[in-house]
**Q** 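My questions will all concern the structure given below.
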Number of protein chains: 2
Amino acid sequence: MANQTVDNPFAAPGHDHRSCIVAALDAAEAACARRGERLTPLRRRVLELVWRGHRPVGAYDLLALLQDERGRVAPPTVYRALDFLCTQGLVHRLESLQAFIGCGHTGNHMDDQGDGRHAAHFLICQDCGVAVEIRDGQLDGAISGLAGRAGFAIADETIELSGLCAACRNQSVSRPVCTTS
Amino acid sequence: MANQTVDNPFAAPGHDHRSCIVAALDAAEAACARRGERLTPLRRRVLELVWRGHRPVGAYDLLALLQDERGRVAPPTVYRALDFLCTQGLVHRLESLQAFIGCGHTGNHMDDQGDGRHAAHFLICQDCGVAVEIRDGQLDGAISGLAGRAGFAIADETIELSGLCAACRNQSVSRPVCTTS
DNA sequence: AATGTAAATGATATAACATAACAAAATGAA
DNA sequence: TTCATTTTGTTATGTTATATCATTTACATT
Ligand SMILES: [Zn+2]
Ligand SMILES: [Zn+2]
Ligand SMILES: [Zn+2]
Ligand SMILES: [Zn+2]
């Protein structure tokens, strides 16, 4: 069993993040192979960069990182890689931050029909910046319940809850504390 | 009692929208007066323009409308008015669309402590473009439940459910049908 | 190996959304 | 009126994202 990082990064500020990266890349390779999709070196590298930490990363941050290692790189290069990764469910876009984060549930989707897209719900700490993908049965039930009563067919869910994680609440001072990126 | 528009615009494509606008502006005047805030002519006009319909409006759409009636208007003019209106809870920003919509619950907040800000949850029809602000006890309960269990203190909720409204599902063809803007 | 085809990437330009910084005007209180 | 504060105007720039077309790469077929 892996470390607790992926399950609860809020509670694991000092965890071995290399294993998060390895797990994410391995799962991505496997998922793409299974679906006949191509995780090219560029896409793989972008995914790796997204996984530098558990904080959402802006597209232009990724662009700068790529430029550091490859010289001239243009925005479409990054956006295309991100589009691919999002389509495969390997990365999610956080609408409220206009930023991207690695999927915290790679490899164990229950709602995955061939492609890897899935609804992703987040807790986002405004103090340390960490975002955690959550899964909650009551939340899912409430959503499908209200949609059903409204006759509304949900295609896409944006659920992002911002506030303070437990660790940051207990610090009282307002400085980054979940140092794991 | 008002028409059903504000409560369920999905179901009222041919409603008397003027009453929606009047109700929203009246409620805004009242709310600002109560709080000692100033609903200036510009802010009032921007709110009125946001209320042209039940579809989210982009800041630059509003800018163009203002320019039509006032000549040269710059982006900060619109964004400042929108900031004010959002702070007062009279308008909400839809993160997944980068657009704004009039608050569907003006005047009856139960969670309003002085200022008018409140969590706003939406159903957004991808066919007709209408967005409806919803309120659901089970959803609220699920959210506070999961936050409590995680020790997470929620400060802001972004909940936007996109898909097809009942009317558009029953049309099968993919063309705008909820013509009420 | 050569060819053809589709997918992926490179490159340029521009669109769309948003804010910083400072000046001028309007408002309301003293 | 005078003063302080808020609001609006103005200019410039920052940030995020896409359209378009050229080039390269991967890979199956001949
Ligand atoms: Zn980690
Ligand atoms: Zn995920
Ligand atoms: Zn209406
Ligand atoms: Zn509202």
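Chain letters run A, B, ... following the sequence lines, proteins first, then strands; residues in each count from 1.
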**Q** Whole Å only: how far is the CG atom of D61(B) from the C1' atom of dA16(C)?
**A** 10 Å
**Q** Between dC17(C), dT10(D), dA11(C), which one does the side chain of R80(B) approach most closely?
**A** dT10(D)
**Q** Return the nearest nucleotide to the side chain of R38(A); candidates are dA17(D), dA8(C), dG10(C).
**A** dA8(C)
**Q** Are more than 12 heavy atoms, taken from residues, nucleotides or ligands other than R149(A), located less than 6.0 Å from that residue's CZ atom?
**A** yes
**Q** Parallel under 30°, tilted from 30 to 60°, perpendicular over 60°: which one fits the rings of Y79(B) and F100(B)?
**A** perpendicular
**Q** Please tell me which of the listed nucleotides, dC17(C), dA8(C), dA19(D), lies nearest to the side chain of R43(A)?
**A** dA8(C)
**Q** Rounded to whole Å, please give me the gap between CD in Q67(B) and C1' in dG9(D).
**A** 13 Å
**Q** I need the CZ-P distance between R93(B) and dT19(C), as an integer number of Å.
**A** 8 Å
**Q** Is the distance from OP1 or OP2 of dA7(C) to the nearest side-chain N or O of T40(A) less than 4.0 Å?
**A** no
**Q** If you count heavy atoms of other groups shown closer than 6.0 angstrom to CD of Q138(A), is the number above 12?
**A** no
**Q** Go through H15(A) and H54(A) one step at a time and tell me if the ring-ring contact (aromatic ring centres under 6.0 Å, His included) criterion holds.
**A** CA-CA 11 Å; H15(A) 71 278; H54(A) 294 275; 5.2 Å; yes
**Q** Compare side-chain N and O positions of T77(A) against OP1 and OP2 of dT9(C) and report whether any pair is under 4.0 Å apart.
**A** no
**Q** What's the OH-P distance between Y60(B) and dT14(C), to the nearest Å?
**A** 18 Å
**Q** Roughly, in whole Å, what's the span from CG in L42(B) to P in dA26(C)?
**A** 14 Å
**Q** Check this one for me: any side-chain N or O of Y79(A) less than 4.0 Å away from OP1 or OP2 of dA17(D)?
**A** yes
**Q** For a quick check under 3.5 Å, do S96(A) and E95(B) share a side-chain donor-acceptor pair by atom type?
**A** no
**Q** Without decimals, in angstroms, what is the distance between L63(B) CG and dG9(D) C1'?
**A** 13 Å
**Q** From the list dT19(C), dT8(D), dT12(C), which nucleotide is the closest neighbour of the side chain of P75(B)?
**A** dT19(C)
**Q** What is the separation between atom CD on Q98(A) and atom C1' on dT18(D), rounded to the nearest whole Å?
**A** 14 Å
**Q** Tell me the interatomic distance from D83(B), atom CG, to dC17(C), atom C1', rounded to whole angstroms.
**A** 13 Å
